[in-house]
Amino acid sequence: MAHFVRAPDHLRTEPLMDDEFAARLAKVDEIRARGDDPYPVKFDRSHTLHEVREQWDKIVEAGASTDDVVRIAGRVLLKRAQGRLTFAKVRDGTGELQLFVSQGELGKDEFARFGEEIERGDWVGVEGKVMKTKLGELSVNVSSFQLLSKALRPLPEKWHGLSDTDTRYRQRYVDLIANDDARRVFDIRFAAISAMRRFLSERGYVEVETPELHSISGGATAKPFTTHHNALDVDLSLRIAPELYLKRLIVGGYDRVFEFARVFRNEGLSTRHNPEFTMLELYEAFADYYDMMRLIEEMIADAAVQATGSTTVEWDGAEIDLSPPFERRTMIDLIKEHAGVDVHPSQPVEELRAVCDSLGVPWEKAWGPGKLVLEIYEKTTESKIEAPTFVCDYPREVSPLARVHRDDPTLTERFELIVHGRELANAFSELNDPVDQLRRFEAQASLKRLGDDEAHDIDFDYVRALEYGLPPTGGLGLGVDRLVMVLAGVTSIREVILFPHMRPEAEKS
RNA sequence: GGGCCGCUGGCGCAAUUGGCAGCGCGACGGACUUUUAAUCCGCAGGUUCCGGGUUCGAGUCCCGGGCGGCCCA
């Protein structure tokens, strides 16, 4: 009997040793008893499955065989045994291919060994000639084979796959094996990310890395996760945004930088929020927010084409056209269109509170005019914006890191990109006046004293960096997970994060 | 945090009013040399998420708990 490390009960097969698991474990013992290794160290492939298809699919005729011998490997997804002939579908990281396994080619003993030893779910390596069956299916006519890894747990149902969301998210590896759609979503994710990397590199951007452990949490309004560094005996936060470090790099002389930043926010979970998620932030010296609009609309359109082949996507029941240019509208203008009111952060607080009351938007006494306008926008307007739209010119009061608008001192040069009511990106002409920045930080600090635990702390080193001179700079943050949701046509963020945050599996008593 | 829904064999799903826990795939045994979710014959497999309650009788109803999904805050 093989022995294995005993997993906690709640992670073990239920019932603890079901028949199929036991049978597969017994097979491992038989294989070892014969002197073979059910988990060999290596297999030399001559081709990936994709390469076999590329090279031979077009030139081999149905019912014909070549003399070309290949060595391939993959996981057995399906097995159709038919007397002295067996068909198997295998998959590697590049594609799928059929194995043609015949007693005539393998000999009686080896054919029998294939039938007993190689089961659905196992990894197998084979050698054989490339051929096509009568019905034209490209195959490898197996002349020898080797078990590469025995699967002890059976795969989910071959037609319906795995549908239980709990299992799909907790055991993503099974989801990826069993569900084509899960693989499709992540293929889109990885293609979009690599397209954006390429896009930015081609434009002279440098990919950088900045700290994830911050002693001052900044760059966004959110509750951080906190931790402690023992050697220095200091409390630290996991970053909520990389913004302030990236702008320090612009001060340091890097003209164009970007980072795919994993960020952490200690907030609830929903179809739109995971406690850790990925932001693309980028900063470009001598640019303003108009440059950021042009950059991101081109970058998103390019990523869409690279990842899906099209700039048109279907998402949440809507057809969305991601081809540039996106609409450019001001927040004030959009509020007028959707809520039917004229508001502006230059108005007295009392007037804006009255507008809130008339629209049924709750407000708090600590809020100034800018926050009241933002709240009116978020409650009445944001969710109604359909086509990709740059919502421009946010109130200064709620944008502590954005430069004052060149034409209106109560606003900033800031936009958010909204698609079908959801925020995808946030960008500014960056605030580079150190005196103004310190004032804004102080305003945030007094909000924090009034009980707003999401308000910024003052980052004096960041102000010091600005005092050395940040050139005029455009900056942008893009929610990568949310962009992927749009591109892949899924409405839950858990579908685009490989291992979404879950409550730990319960101990069974 | 609130509302609604779900949890049944390894996986996908049934179970009428509270009345013998079933089906398909997979597994296991057998037939089959061109299949494509192969087909055909046979057979095994259950703590119905957990705990309590009502009842002659609970997958089903009630209470509490766990995990998940969707919507709302």
Side-chain angles (χ1 to χ4, degrees), chain A residues 9-27 60-65 76-91 96-108 111-112 114-116 118-122 131-142 151-175 177-180 182 267-274 316-317 360-362 375 378-379 383 421 490-495 500-509:
Chain A
D9 281 352
H10 66 283
L11 292 178
R12 303 186 70 196
T13 305
E14 290 293 338
L16 290 183
M17 185 75 89
D18 67 79
D19 288 349
E20 186 161 1
F21 190 99
R24 285 176 175 242
L25 202 52
K27 255 170 211 179
V60 184
E61 285 175 21
S65 180
V76 177
L77 298 176
L78 284 173
K79 199 176 142 190
R80 292 182 286 272
Q82 238 186 259
R84 284 166 286 172
L85 182 63
T86 292
F87 298 92
K89 183 160 97 174
V90 294
R91 177 161 75 210
E96 297 175 356
L97 196 66
Q98 180 167 267
L99 303 183
F100 182 94
V101 188
S102 72
Q103 182 169 306
E105 180 70 24
L106 267 177
K108 198 169 182 183
F111 182 78
F114 187 93
E116 284 162 24
I118 307 299
E119 298 174 276
R120 186 161 173 266
D122 293 348
M131 57 160 292
K132 257 188 190 172
T133 62
K134 282 180 187 169
L135 293 178
E137 180 80 36
L138 189 69
S139 308
V140 169
N141 187 1
V142 175
L152 297 181
R153 296 178 189 251
L155 294 180
E157 215 258 0
K158 63 189 173 189
W159 185 241
H160 298 97
L162 179 68
S163 69
D164 180 68
T165 47
D166 189 84
T167 312
R168 286 188 50 232
Y169 297 154
R170 288 185 198 276
Q171 301 180 46
R172 182 71 83 184
Y173 38 91
V174 183
D175 189 33
I177 296 166
N179 295 329
D180 291 345
E267 294 162 357
L269 293 81
S270 76
T271 49
R272 296 175 205 186
H273 299 89
N274 194 62
D316 193 23
V361 175
E375 205 65 18
E378 287 184 346
K379 289 289 187 302
S383 66
V490 300
T491 52
S492 170
I493 197 169
R494 295 183 159 199
E495 296 292 339
H501 187 72
M502 303 286 277
R503 197 179 288 272
E505 286 184 69
E507 301 277 346
K508 283 181 176 134
S509 52

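In what follows, every chain begins at residue 1, and chains take the letters A, B, ... in the order their sequences are listed. Because only heavy atoms are used, hydrogens play no part in the values below, and waters and symmetry mates are left out as well, while side chains stay in.
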*Is there a side-chain contact between A:Gln98 and A:Arg80 (heavy atoms, below 4.5 Å)?*
yes
_For B:U55, give the paired nucleotide (Watson-Crick: N1-N3 plus N6-O4 or O6-N4; G-U: N1-O2 and O6-N3; both under 3.5 Å), or none._
none
*asked:* Considering every strand and a 4.0 Å limit on heavy-atom distances, what is the contact class for A:Ala81: base, sugar-phosphate, or nothing?
replied: base
*Answer with base, sugar-phosphate or nothing: what part of the nucleic acid does A:Lys108 contact at a heavy-atom distance below 4.0 Å?*
nothing
*Give A:Gly161 one of three labels, base, sugar-phosphate or nothing, depending on what nucleic acid heavy atoms sit under 4.0 Å from its own.*
sugar-phosphate
*asked:* Once you apply a heavy-atom cut-off of 4.0 Å, does A:Glu119 come out as touching a base, just sugar-phosphate, or nothing?
replied: sugar-phosphate
*asked:* Tell me whether the side-chain N/O atoms of A:Arg503 come closer than 4.0 Å to OP1 or OP2 in B:C67.
replied: yes
*Quick one: label A:Leu155 by what it contacts on the DNA or RNA (base, sugar-phosphate, nothing), any heavy atom closer than 4.0 Å.*
nothing
*Between A:Lys158 and B:A37, is there a side-chain N or O to OP1/OP2 distance below 4.0 Å?*
no
*Remember a base hit wins even if backbone is also touched, and classify A:Tyr169 as base, sugar-phosphate or nothing at under 4.0 Å, heavy atoms.*
sugar-phosphate
_Both A:Lys27 and A:Thr491 contact RNA chain B. Which one's nearest nucleotide lies toward the 5' end?_
A:Lys27
*Of A:Arg494 and A:Asp164, whose nearest nucleotide on RNA chain B comes first from the 5' end?*
A:Asp164
*If you measure from the P atom in B:G66 to the same atom in B:C50, how many Å do you get, rounded?*
15 Å
*Check every atom of B:C11, B:A27, B:U33 against the side chain of A:Glu157 and return the nucleotide holding the closest atom.*
B:C11
*Which of these passes salt bridge (Lys or Arg N to Asp or Glu O under 4.0 Å) with A:Glu119: A:Lys27, A:Lys79, A:Arg153?*
A:Lys27
*Quick one: ring pair (Phe, Tyr, Trp, His ring centres under 6.0 Å) partners of A:Phe111, sequence neighbours excluded?*
none
*Pick the P atom in B:C5 and in B:U39, then give their distance to the nearest Å.*
38 Å
_Integer angstrom distance from the C1' of B:A73 to that of B:A58_ = 37 Å
_Checking base pairs now: Watson-Crick or wobble, both atom distances under 3.5 Å. What partners B:U33?_
none
*Hey, is the side chain of A:Gln82 pairing donor to acceptor with the base of B:U34 inside 3.5 Å?*
no
*A:Thr165 side chain near B:G68 phosphate (N/O to OP1/OP2, under 4.0 Å)*: no
*Indicate whether OP1 or OP2 belonging to B:U34 is found under 4.0 Å from a side-chain N or O atom of A:Ser102.*
no
*asked:* Side-chain N or O of A:Thr271 versus OP1/OP2 of B:C70: is the shortest distance under 4.0 Å?
replied: no
_What's the separation between atom CG in A:Leu162 and atom CZ in A:Arg172, rounded to the nearest 0.5 Å?_
10.0 Å
*Which part of the nucleic acid, if any, lies within reach of A:Thr86 when heavy atoms closer than 4.0 Å are counted: base, sugar-phosphate only, or nothing?*
nothing
*Got a second to check how far A:Lys158's NZ is from A:Arg120's CZ, nearest 0.5 Å?*
7.0 Å
_Euclidean distance, atom CD of residue A:Gln98 to atom C1' of B:A38 [Å, nearest integer]_ = 11 Å
*If we take the P atom in both B:U17 and B:G6, what is their distance in whole Å?*
15 Å
*Is A:Leu97 close to A:Val140 at the side-chain level, that is, under 4.5 Å between some pair of heavy atoms?*
yes
*Measuring from A:Asn141:CG to A:Met131:CE, what's the distance to the nearest 0.5 Å?*
5.5 Å
*Heavy-atom contacts under 4.0 Å between residues 131-139 of chain A and RNA chain B, which residues?*
A:Thr133, A:Lys134, A:Leu135, A:Glu137
*asked:* How many whole angstroms separate atom CD1 of A:Ile177 from atom P of B:G26?
replied: 18 Å
*asked:* Without decimals, in angstroms, what is the distance between A:Arg170 CZ and B:C11 P?
replied: 14 Å
*Under 4.0 Å: is that the gap between some side-chain N or O of A:Arg84 and OP1 or OP2 of B:A31?*
no
*On a whole-Å scale, what distance lies between the C1' atoms belonging to B:G9 and B:U54?*
29 Å
*Is there a donor N/O on one and an acceptor N/O on the other, under 3.5 Å, for the side chain of A:Arg80 and the base of B:U35?*
yes
*asked:* Quick check: do A:Val76 and A:Ile118 have side-chain heavy atoms less than 4.5 Å from each other?
replied: yes
*asked:* Suppose you measure atom P in B:G59 against the same atom in B:U47; what distance do you get, rounded to whole Å?
replied: 13 Å
_Can you tell me the base-pairing partner of B:C7? Count Watson-Crick or G-U wobble geometry only, both distances below 3.5 Å, and say none if there is no partner._
B:G66
*With side chains defined as the heavy atoms from C-beta onward, is the minimum distance between A:Glu495 and A:Arg168 less than 4.5 Å?*
yes
*Taking the P atom of each, how far is B:U16 from B:C23, in whole Å?*
16 Å
*asked:* Measuring only the C1' atom in each nucleotide, how far is B:C41 from B:G19? A whole number of Å is fine.
replied: 34 Å
*Determine whether A:Glu375 and A:Pro362 make a side-chain contact, defined as any pair of heavy atoms from C-beta on separated by less than 4.5 Å.*
no
_Nearest-angstrom distance from the residue atom OH of A:Tyr173 to P of B:C11_ = 12 Å
*asked:* Which nucleotide, if any, forms a Watson-Crick or G-U wobble pair with B:G1, using both distances under 3.5 Å?
replied: B:C72
